[in-house]
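Data block below; observations after.
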Amino acid sequence: MNWFTRLLSNRADIRALDLALRETLAYWQAAPEPDLGVAHFEARYVIVNTEATGLDLDAARLLAVGAIAVDGGLLSPTASYYARLEPDPATALINLLTFSGAGPVVVFNAGFNRTLLERALGEHLGIKPEWTWLDLHWLLPALYGELIDRPARLADWMKAFGIETFQRHHALGDAWAIAQLMLAAQARALTLGLNTPRSLAELERSCRQLRRQT
């Protein structure tokens with residue numbers, strides 16, 4: 001049974017959640033979609049990162065989530081969220097949704113982080129968010145090809161920009177590094193006339209399509 005089959009078969013029945021959690025989830029689901037046409041300095045991006053039991057998506061289990069907001073072009077350590085899933089995964093994930101809002105959500109290596117998170121949200125809350133996902137794994141080589149001209153590891157980009165964080169391989173620690181890379185991506189995007197979240201999403205989509213054709 002692969003991860004997608006498992007996601008469909010294990011989707012949670014939210015009627016099992018207590019009333020407060022169901023109300024919080026309903027409030028999050030009713031939130032309006034973000035305007036992807038606003039300027040970067042008017043947008044609230046949320047960097048989301050995960051900790052897992054391993055790197056094999058068929059076997060990996062989500063252990064913890066971390067998130068940091070880049071709001072109005074500013075990064076603040078206080079605008080952050082971290083939680084381990086045990087012993088109460090539903091509360092941990094609903095609090096992540098509340099912090100993240102309607103997105104857009106920024107990740108590094110969506111193939112792993114997005115898949116792991118969507119599987120957990122399906123299993124514990126019965127939902128799959130309709131976020132706009134922005135993957136720096138694809139965006140950074142498109143914006144900073146003079147540094148690294150191909151999809152590379154997070155550690156390679158941290159070295160290229162001289163970025164450090166308080167703890168590697170920790171959901172919030174790596175999210176802090178990814179958030180700094182997002183600020184760099186915004187700065188370069190502005191010089192190229194890519195002024196909005198929608199323009200970054202279109203660039204990322206073009207990069208992924210081009211990679212599949214080569």
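For reference, positions follow the sequence shown, starting with 1.
- Looking at every heavy atom in both residues, Leu116 comes nearest to Ala60 through CD1-O, 3.9 Å.
- Checked by atom type and distance alone, the side chain of Arg61 never pairs as donor or acceptor with a backbone atom of Thr53 at under 3.5 Å.
- Between the side chain of Trp131 and the backbone N or O of Pro104, no donor-acceptor pair lies under 3.5 Å.
- Atom CD in Gln186 sits 12.5 Å away from atom OG1 in Thr191 (nearest 0.5 Å).
- Taking every heavy atom of both residues into account, Ala67 and Val48 meet most closely at CB-CG2, 4.3 Å.
- Linking Ile, Leu, Val, Met, Phe, Trp and Tyr whenever their side-chain heavy atoms come within less than 4.5 Å puts Leu55 and Val65 in one cluster.
- Checked by atom type and distance alone, the side chain of Thr91 never pairs as donor or acceptor with a backbone atom of Asp88 at under 3.5 Å.
- Separation of atoms CG (Leu117) and NZ (Lys128) is listed at 11.5 Å; rounding is to 0.5 Å.
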Begin from the C-alpha positions of Arg84 and Leu63 and carry the test side-chain contact (heavy atoms from CB on, under 4.5 Å) through to its verdict. CA-CA 6 Å; Arg84 299 191 66 79; Leu63 293 177; 4.0 Å; yes
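- Of the possible polar contacts, one joining the Arg188 side chain to the Leu143 backbone as a donor-acceptor pair under 3.5 Å is found.
- Within a 6.0 Å radius of CD in Glu42, more than 12 heavy atoms belonging to other residues, nucleotides or ligands are found.
- Side-chain contact between Trp28 and Pro129 is present, with at least one heavy-atom pair separated by less than 4.5 Å.
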Working for side-chain contact (heavy atoms from CB on, under 4.5 Å), residues Val70 and Arg44: CA-CA 6 Å; Val70 173; Arg44 182 178 187 269; over 6 Å; no
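- Residues Phe99 and Ala69 share a closest heavy-atom pair of CZ-N, 3.8 Å.
- In this structure, Glu51 contributes its side chain and Ala64 its backbone to no donor-acceptor pair below 3.5 Å.
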Are Ile47 and Trp176 close enough, and set up right, to give a side-chain contact (heavy atoms from CB on, under 4.5 Å), and what steps lead you there? CA-CA 8 Å; Ile47 288 77; Trp176 178 250; over 6 Å; no
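- Panel note: side chain Trp133, backbone Val107; no donor-acceptor pair is recorded below 3.5 Å.
- For the atom pair CD of Gln180 and CZ of Phe161, the computed distance is 11.0 Å after rounding to the nearest 0.5 Å.
- Residue Arg208 holds its CZ atom at 7.5 Å from CG of Asp135, rounded to the nearest 0.5 Å.
- Between Thr132 and Pro34 there is no side-chain heavy-atom pair separated by less than 4.5 Å.
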For a quick test of your reading: what N or O donor-acceptor pairs under 3.5 Å do the side chains of residues 150-160 make, sequence neighbours left out?
| unit_1 | atom_1 | unit_2 | atom_2 | d |
| --- | --- | --- | --- | --- |
| Arg153 | NE | Asp156 | OD2 | 3.3 |
| Arg153 | NH2 | Asp156 | OD1 | 3.0 |
| Asp156 | OD2 | Arg153 | N | 3.3 |

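- Going from atom CD of Glu118 over to atom CD of Glu123 covers 12.0 Å, rounded to the nearest 0.5 Å.
- The side-chain heavy atoms of Ser206 and Leu210, taken from C-beta on, include no pair separated by under 4.5 Å.
- Leu190 CG to Phe41 CZ: the interatomic distance, rounded to the nearest 0.5 Å, is 9.0 Å.
- Classification of the His170-Tyr82 ring pair by plane angle, with boundaries at 30° and 60°, yields parallel.
- A donor-acceptor pair is defined here as one N or O able to donate and one able to accept, closer than 3.5 Å; such a pair exists between the side chain of His40 and the backbone of Leu194.
- In the hydrophobic clustering of ILVMFWY residues, with side-chain heavy atoms under 4.5 Å counting as a link, Tyr144 and Leu200 come out together.
- Clustering ILVMFWY residues whenever any of their side-chain heavy atoms sit less than 4.5 angstrom apart, transitively, puts Leu121 in the very cluster that holds Leu21.
- Counting only heavy atoms from C-beta outward, the side chains of Leu125 and Leu97 approach each other to under 4.5 Å.
- Taking a 6.0 Å sphere around CD of Glu33, one finds it holds 12 or fewer heavy atoms contributed by other residues, nucleotides or ligands.
- By the rule that hydrophobic residues join a cluster once side-chain heavy atoms approach within less than 4.5 Å of another member, Tyr27 and Val46 end up as members of separate clusters.
- The closest side-chain heavy-atom distance from Leu172 to Phe166 is below 4.5 Å.
- At least one side-chain heavy atom of Ile68 sits less than 4.5 Å from a side-chain heavy atom of Ser80.
- Considering all non-hydrogen atoms of both residues, Pro197 and Val38 come closest at CD-O, 3.0 Å.
- A donor-acceptor pair under 3.5 Å links the side-chain atoms of Ser199 to the main chain of Thr196, judged by distance alone.
- Val105 is not connected to Leu183 by any chain of hydrophobic side-chain contacts under 4.5 Å among Ile, Leu, Val, Met, Phe, Trp and Tyr, and they are in different clusters.
- Using a distance-only test at 3.5 Å, with no hydrogens or angles considered, a donor-acceptor pair links the side chain of Asn113 to the main chain of Phe108.
- When atom types are taken as modelled, the side chain of Tyr81 and the backbone of Ala92 share a donor-acceptor pair closer than 3.5 angstrom.
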Under the side-chain contact (heavy atoms from CB on, under 4.5 Å) rule, what do Ile178 and Leu136 come out as? Steps first, then yes or no, please. CA-CA 8 Å; Ile178 297 166; Leu136 292 184; 3.8 Å; yes
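- By the neighbour-count criterion of 12 heavy atoms within 6.0 Å, atom CD of Glu130 is sparsely surrounded, having that number or fewer from other residues, nucleotides or ligands.
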